[in-house]
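Below: one structure, written as structure tokens.
The residues of the chain are indexed from 1 along the displayed sequence.
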Amino acid sequence: MNNNIGESIAKNTTVMVAAQMVTWVAGFVLLLFLPRYLGSEDYGRLFLAMSFAMILSVIIDFGGNYLIPKEVSKSRDKTPLLLISFVGVRTIIWFICMVGLLLFCYLAGYSNTMVLLIMIMGISKFFEGASKVIRSCFQGYELMVYPSLGIVSEQIFVATLAVAALLLGAGPIEIAAVMAAGALLKLIISIKFIPLLVDKLPAFHLNVSYKLLKGSVPYFMWSVFAVIYYRIDAVMLSTMTTESVVGWYGGAYRLFDIVMFLPAILTTVVFPIFSKLWEEQGRGFSNTFQQSLKFILIAGIPMCIMYFSFSENLVSLFYGLDEYSPSVLILQIFSLGILLVYIDFILGSVILASDKQVKWAFVGFAAVILNIGLNYLMIPIFEAEFGNGGVGAAVTTLLTEIFIMVSAVILLWDKFFKDFNYMMPLKCLNCGIIMTGIIWGGGYLDVHWLLQAIAGFTIYALIVSIQVISPTELHFLKKVYTRKKMKSFMSLTNQK
């Protein structure tokens, strides 16, 4: 990985991590309040509506989250056409999807409250779809500071108003309305920064957009399949179990989902770089891939260990064990999949950047079939035996991620894994084993769980810096993260 690539990754990662710290605090506050004040049933309704909205979001995106940054990174002249085309097409798709959602709600026999929740969250995805187009353009330019401002503003707005509303006795409908208002705020802020990329937008022509968007179909298919196997479990749980079970599952899933920001940030930063390197067909692609995989392993291993070791403590802290104790086992199963998902983020980005999107879409389709089939078997079994079908859905999610990772390795084997340095992941795993021993020893001595976590992570970071990160990489990080450069990264006036 050369210095220019490294500095671009470090720069944008710094901005996005700083933004994520703010949004994580906001998310932490929401986690403390939402499940406790809404209760498992109302939280289950809100989680189900959010799951529908997530599926809707991917359909509206129509693969643009991959195609836009990939094409912009190759040719920035395409930015105006991509921007107007995807905003226009997403508006049309959104309207069609909302009609379809209303029809599904009628056929499924959902209550009026559930229908209203789904409609509100659906409206929020219209705002989010437009802001994502703008964000993807900035991603192609490797300038993530501007869209990060919109995300930070949205999260602070939602957390502040949602907590105030909950304290005043609000229910899930009011919370959903606050979330929709936050998405609108993010869009307004994103629109403000469009002139930094585009002087003038062309007129929207459906026929021109249709030709342009044909190339996004494989990305769209992968995105749809991916979100279905991620979110179909909540929908199946809602039809096969009770709303409380959906709430238990949603509580665990929310804790699992919140640590996905690390691979999301890294892949957002490196995807346009992967795309440019693939176009150049140089050795840099393989090197950048191995470095990205290395850092995602370094980040994912401690997360996996922490969640498995402290699942009960986390559920108790955020939700309370009186109503959410069934979430503990679900979260422990999810924790085993954290590292798999982290790895899949990187592998998937490499596959999409290297023009294997059609094959990747077939993998996604196979994952959907596998996931639905396993859910159909697992949910009733665990519901009947343990009164918690969410455990079956969690096991299904884990098995699906294993399938996707194996498929990705097969697709990339000839190009990226024949000369792979296998000592690197073994060193990372060794550091994780030592960290696990520290935490186990602290538990045996009855040390408070937070102190166990701090001690385990500190020892892990120390060993990683000695055994895994090379002196050259340490020197580079010190060079990039100087005080002066950190200030420039966080200053809008220095971004161009």
Side chains of residues 97-121: which donor-acceptor partners sit under 3.5 Å, not counting sequence neighbours?
residue	atom	partner	partner atom	Å
Ser111	OG	Met114	N	3.2

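- At distances below 3.5 Å, not a single donor-acceptor pair connects side-chain atoms of Trp94 with backbone N or O atoms of Phe127.
- Between the side chain of Thr160 and the backbone N or O of Phe157 there is no donor-acceptor pair closer than 3.5 Å.
- Note that the CG atom of Leu352 and the CG atom of Leu347 stand 11.0 Å from one another [nearest 0.5 Å].
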*asked:* For Val315 and Leu321: C-alpha separation, side-chain torsions, deciding distance, then whether side-chain contact (heavy atoms from CB on, under 4.5 Å) applies.
replied: CA-CA 7 Å; Val315 171; Leu321 292 175; 3.9 Å; yes

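- Closest non-hydrogen pair, Met378 versus Val395, comes out as CE-CG1, 4.1 Å.
- A donor-acceptor pair is defined here as one N or O able to donate and one able to accept, closer than 3.5 Å; such a pair exists between the side chain of Glu174 and the backbone of Gly171.
- Applying the side-chain contact (heavy atoms from CB on, under 4.5 Å) test to Leu374 and every residue at least two apart in sequence or in another chain returns Leu370, Thr396, Leu399.
- To the nearest 0.5 Å, the span separating CG on Leu161 from CG on Leu166 amounts to 10.5 Å.
- In terms of heavy atoms, Gly129 sits closest to Arg90 at O-NH1, 2.7 Å.
- Closest approach of Phe403 and Ala367 over heavy atoms only: CE2-N, 3.7 Å.
- Screening residues 326-340 for side-chain hydrogen bond (donor to acceptor under 3.5 Å, both in side chains), with sequence neighbours left out, gives no hits.
- Taking a 6.0 Å sphere around NZ of Lys359, one finds it holds 12 or fewer heavy atoms contributed by other residues, nucleotides or ligands.
- Side-chain contact between Val363 and Ile351: absent, with no pair of heavy atoms (C-beta onward) separated by less than 4.5 Å.
- Proximity of Val259 to Tyr307: side-chain heavy atoms (C-beta onward) are separated by under 4.5 Å at one or more points.
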Side-chain donor-acceptor pairs of residues 178-196 under 3.5 Å, sequence neighbours excluded:
residue	atom	partner	partner atom	Å
Lys186	NZ	Glu154	OE1	3.3
Ser190	OG	Lys186	O	2.8

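- The shortest heavy-atom contact between Thr241 and Leu237 is OG1-O, 2.6 Å.
- Here Leu48 contributes atom CG and Thr239 contributes atom OG1; the two are 9.5 Å apart, rounded to the nearest 0.5 Å.
- Judged as a salt bridge (Lys or Arg N to Asp or Glu O under 4.0 Å), and not counting sequence neighbours, the contacts of Lys132 are Asp61, Glu128.
- A side-chain donor-acceptor contact under 3.5 Å links Asn375 to the backbone of Asn371.
- Side chain of Asp233 to main chain of Ala393: no donor-acceptor pair is present (N/O by atom type, distance under 3.5 Å, no hydrogens or angles).
- To the nearest 0.5 Å, atoms OG1 (Thr400) and CG (Leu340) are separated by 11.0 Å.
- Put simply, the side chain of Thr242 reaches to within 4.5 Å of the side chain of Val245, judged on heavy atoms.
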*Stepwise side-chain contact (heavy atoms from CB on, under 4.5 Å) test for Phe345 and Val350*: CA-CA 9 Å; Phe345 262 91; Val350 173; over 6 Å; no

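- Taken to the nearest 0.5 Å, the CD atom of Glu401 stands 11.0 Å off from the CG atom of Leu339.
- Between Val246 and Tyr253, the closest side-chain pair of non-hydrogen atoms is not below 4.5 Å.
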*Verify side-chain contact (heavy atoms from CB on, under 4.5 Å) between Ile296 and Tyr342, making sure each step is shown before the conclusion.*
CA-CA 6 Å; Ile296 210 67; Tyr342 274 37; 3.8 Å; yes

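- Within the 4.5 Å cutoff, no side-chain heavy atoms of Phe126 are placed close to those of Ile60.
- For Arg45, the salt bridge (Lys or Arg N to Asp or Glu O under 4.0 Å) partners are Glu41, Asp42, Glu243, not counting sequence neighbours.
- For Val133 against Leu82, the heavy-atom pair with the smallest separation is CG1-O, 4.4 Å.
- Once rounded to the nearest 0.5 Å, the distance linking CE of Met306 with CZ of Phe457 reads 6.5 Å.
- Looking at heavy atoms from C-beta onward, Trp449 lies in side-chain contact with Leu314 at the 4.5 angstrom threshold.
- By the neighbour-count criterion of 12 heavy atoms within 6.0 Å, atom CZ of Phe362 is sparsely surrounded, having that number or fewer from other residues, nucleotides or ligands.
- Phe334 has its ring centre less than 6.0 Å from the ring centre of Tyr249.
- A 6.0 Å sphere centred on CD of Glu312 holds no more than 12 heavy atoms belonging to other residues, nucleotides or ligands.
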*Apply side-chain contact (heavy atoms from CB on, under 4.5 Å) to the pair Phe310 and Ile439, showing each step before the final yes or no.*
CA-CA 10 Å; Phe310 305 119; Ile439 291 174; 3.6 Å; yes

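- Of all heavy-atom pairs spanning Cys137 and Leu197, the tightest one is CB-CD1, 3.7 Å.
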